[in-house]
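I have placed the structure first, in the form of structure tokens, so that the comments after it can refer back to it.
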Number of protein chains: 2
Amino acid sequence: MEAGLADTALTVPLRAVLERVHAHGPQTVPAIARSLYVTRQGVQALVDRGRDLGLVETVPNPAHRRSHLVVLTPAGNDLFDTVRADELARLDVVASGLDPVDVAAAVRVLDHLILSLEGLTHPQTPTTSTDPAERSTR
Amino acid sequence: MEAGLADTALTVPLRAVLERVHAHGPQTVPAIARSLYVTRQGVQALVDRGRDLGLVETVPNPAHRRSHLVVLTPAGNDLFDTVRADELARLDVVASGLDPVDVAAAVRVLDHLILSLEGLTHPQTPTTSTDPAERSTR
DNA sequence: CGTAGATTGACAAGTCCCTTGTCATTATGA
DNA sequence: TCATAATGACAAGGGACTTGTCAATCTACG
């Protein structure tokens, strides 16, 4: 994945933030942090850099006066689409040697691992858990 | 995995170095670095810390006057065994909900991914490639 | 309605891992 | 033998993450 980011100003964690906003729409910094299993302070630094790069911006949040929503700018959206297309092109080469049945099984295993490890390492609130719809994608 | 290291002086990368030496015996720093896809300088720093902790030591290398071999001390070996046992205990809980057939398929997929991505990102010498026997373990 | 507790923004200090770069020393192979 | 590659050692720097703190805001309950 890093290879596809080489020509851009993105890093892997920053790409993860963009992906999250791209897939789930405007969110607050703490919401992104919870979905990525890191602290809000760390995500805040990534968002700040994304804003400096003109890839994201913060808009008022009707549900909270101080906690703004992070959204993609047109430039950020375009860049993410480009990076994503680049990754998929590389993946096609890799996928050519894979059995779709095996891939489906692998997805089941990894989904189970994510859920199990989530239970092992974060045995608290199951409320803000990761959106299951995010997994099993492609 | 990090959870199992919480009580120890280990970090995830340092654990990886110990695992490599544990599984493949005495090796030079550059050899470990190649197997982990990082630079020898980075591994050298990890080995230095491992030595400070009394977990590894360097012994003369009959094949090279300056490039010593990294080996586990008894303390390092014991600690790794303990950590490993701890991890397996946790894994048993996770594995209870997994279909062995799916796991086997997942291993095939991941092996393919490792090899394919290795080809994509390191399109050079296939000589010092990762030992295939290391994968598909348990 | 008011207040206690939780969440959030903002700022700070610090650690860990990894990178690139350099130079002298040692190995390797033509 | 000699050019090239690999290695050790030292350095500088960056990126990501953590913990800690305090004030402002939100939420829920009495």
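In what follows, chains carry the letters A, B, and so on, assigned in the order in which the sequence lines appear, proteins first and then strands, with residues in each chain numbered from 1.
Rounded to whole Å, atom C1' of C:dT8 lies 16 Å from atom CD of A:Gln27. Rounded to a whole Å, the CZ atom of B:Arg65 is 14 Å from the C1' atom of C:dT28. Atoms OH (B:Tyr37) and C1' (C:dT19) sit 19 Å apart, rounded to a whole Å. Distance, A:Gln44 CD to D:dA16 P: 14 Å, rounded to whole Å. Across the protein-nucleic acid pair, A:Arg40 atom CZ and D:dC22 atom C1' stand 11 Å apart, rounded to whole Å. A straight line from CG of A:Leu46 to C1' of D:dC17 spans 9 Å, rounded to a whole angstrom. Residue B:Leu53 contributes atom CG, which lies 10 Å from atom P of C:dC16 at whole-angstrom precision. One interatomic measurement links the two molecules: CD1 of A:Ile32 to C1' of C:dG9, which rounds to 14 Å at whole-angstrom precision.
Residue order along DNA chain C, read from the 5' end via each residue's closest nucleotide, puts A:His68 first among B:Ala63 and A:His68. The nearest heavy atom of DNA chain C to B:Gln41 and to B:Arg49 marks one nucleotide each, and the one closer to the 5' end goes with B:Arg49. Nearest-nucleotide mapping onto DNA chain D: of B:Thr28 and A:Ala45, the residue sitting toward the 5' end is B:Thr28. Sequence order on DNA chain D of the closest nucleotides to B:Val29 and A:His64 puts B:Val29 first from the 5' end.
A:Ser35 places a side-chain N or O within 3.5 Å of a backbone atom of A:Ile32 that can act as its donor or acceptor partner. In terms of modelled atom types and a separation under 3.5 Å, the side chain of B:Glu19 and the main chain of B:Arg84 share no donor-acceptor contact. Between the A:Thr73 side chain and the A:Leu55 main chain, a donor and an acceptor come within less than 3.5 Å of each other.
Counting distance only, with no hydrogens placed and no angle test, the side-chain atoms of A:Arg66 and the base atoms of D:dT25 include no donor-acceptor pair under 3.5 Å.
Checking the phosphate oxygens (OP1, OP2) of D:dT7, a side-chain nitrogen or oxygen of B:Arg34 falls inside 4.0 Å.
Using a 4.0 Å heavy-atom distance criterion, A:Thr39 is classed as a base contact. Residue contacts shown for B:Ser67 are limited to sugar-phosphate atoms, with no base heavy atom under 4.0 Å away.
Nearest heavy-atom pair, B:Asp102 versus A:Ala105, reported as atom, atom and distance to 0.1 Å: OD1-CB, 3.5 Å. Across all non-hydrogen atoms, the minimal contact from B:His68 to B:Val59 is CB-O, 3.4 Å.
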